[in-house]
Amino acid sequence: MNTISSYTAPTNTAATTSNAAVTGATTTAATTDESSEQKPAAQFSTRAEKLAALNSEFDIVSPSFKLSQQFVNRMAELDLISASDAEGLNTDLPLTADSDSSEADTVGELTTFIDSFSAKLEKQEDAPSGLLEILQNSKSILENLDGSKSKTFEADIPETAAALADYLRSSDASTLSDSETKSLKDLHTALTVADKLNPTSRTSDNINAYMRVMGDL
């Protein structure tokens, strides 16, 4: 007589436990990644904090600092300037500071240009009136671009930017070389950024002149 016995195959407990552990780890990792992606960007409550973040990312006080669309767009992200201001400033700027160096001058290169161009003007009897003063004022502003050295500037930023813009529109500017024109335009952009970084430098006497110039270049 044959006896039919009931047989149940043993469960592979180790494999099941291992699979469950892997699944759990995968789920945890996915949740962690999702949480990381959803983590909001750092928020800065004061203007000082925003400027500190901007300087830590771009090292504004370095002579090698160069204006770029990346920098200007970051200013807009931090609400230091408006989107329309950013659009205007980005004209002719390289995408990043690592772009072709011929596209924009560094702060150090602008300072060197001011010194060499000023020396050239000093030798000219018919040098444009007031241009040397504009250049020297611009140099003092560049040396304290973010206002970290002192909130009191030796030169008025908007007034200097307006004066430089007026010169670039004048007939005297037609005698400039292409490289000189480019450097002066880069300088004007740097002055405009300096004013955005230091809005307290504005006074009621020059605000109208500043606003007039902003749309002309």
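Atom set for the values below is all heavy atoms of this structure, side chains included, hydrogens, waters and symmetry mates excluded.
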Ring pair (Phe, Tyr, Trp, His ring centres under 6.0 Å): which pairs involve residues 122-145, sequence neighbours left out? none
Hey, could you give me each pair passing ring pair (Phe, Tyr, Trp, His ring centres under 6.0 Å) that has a residue in residues 111-130? Not counting sequence neighbours. F113-F117
Could you work out, with side chain to side chain donor-acceptor pair (under 3.5 Å) as the rule, every residue matching S118, not counting sequence neighbours? Q136
Considering all heavy atoms of both residues, which atom of S174 and which atom of S171 are nearest to each other, and what is their separation? OG-O, 2.5 Å
Which pairs count as salt bridge (charged side-chain N to carboxylate O under 4.0 Å, His left out) when at least one residue sits in residues 113-125, sequence neighbours excluded? D115-K139, K120-E180
Who are the side chain to side chain contact (heavy atoms under 4.5 Å, CB included) partners of T91, not counting sequence neighbours? none
Can you list the residues that meet the side chain to side chain donor-acceptor pair (under 3.5 Å) rule with D172, with sequence neighbours excluded? none
So the ring pair (Phe, Tyr, Trp, His ring centres under 6.0 Å) pairs with at least one residue in residues 154-177 (sequence neighbours excluded) are none
Name the atoms and distances for all side-chain donor-acceptor pairs under 3.5 Å in residues 55-65, with sequence neighbours left out.
{"unit_1": "N55", "atom_1": "OD1", "unit_2": "I60", "atom_2": "N", "d": "2.7"}
{"unit_1": "S56", "atom_1": "OG", "unit_2": "A52", "atom_2": "O", "d": "3.4"}
{"unit_1": "S56", "atom_1": "OG", "unit_2": "A53", "atom_2": "O", "d": "2.7"}
{"unit_1": "E57", "atom_1": "OE1", "unit_2": "R74", "atom_2": "NE", "d": "2.9"}
{"unit_1": "E57", "atom_1": "OE2", "unit_2": "R74", "atom_2": "NE", "d": "3.4"}
{"unit_1": "E57", "atom_1": "OE2", "unit_2": "R74", "atom_2": "NH2", "d": "2.9"}
{"unit_1": "S62", "atom_1": "OG", "unit_2": "S64", "atom_2": "N", "d": "3.1"}
{"unit_1": "S62", "atom_1": "OG", "unit_2": "S64", "atom_2": "OG", "d": "2.7"}

Is there any ring pair (Phe, Tyr, Trp, His ring centres under 6.0 Å) pair reaching into residues 75-95, and which pairs are they, with sequence neighbours excluded? none
Partner set under side chain to side chain donor-acceptor pair (under 3.5 Å) for S82, not counting sequence neighbours: S84, D85
How would you list, by chain and number, every residue that makes a side chain to side chain donor-acceptor pair (under 3.5 Å) with N137, sequence neighbours excluded? none
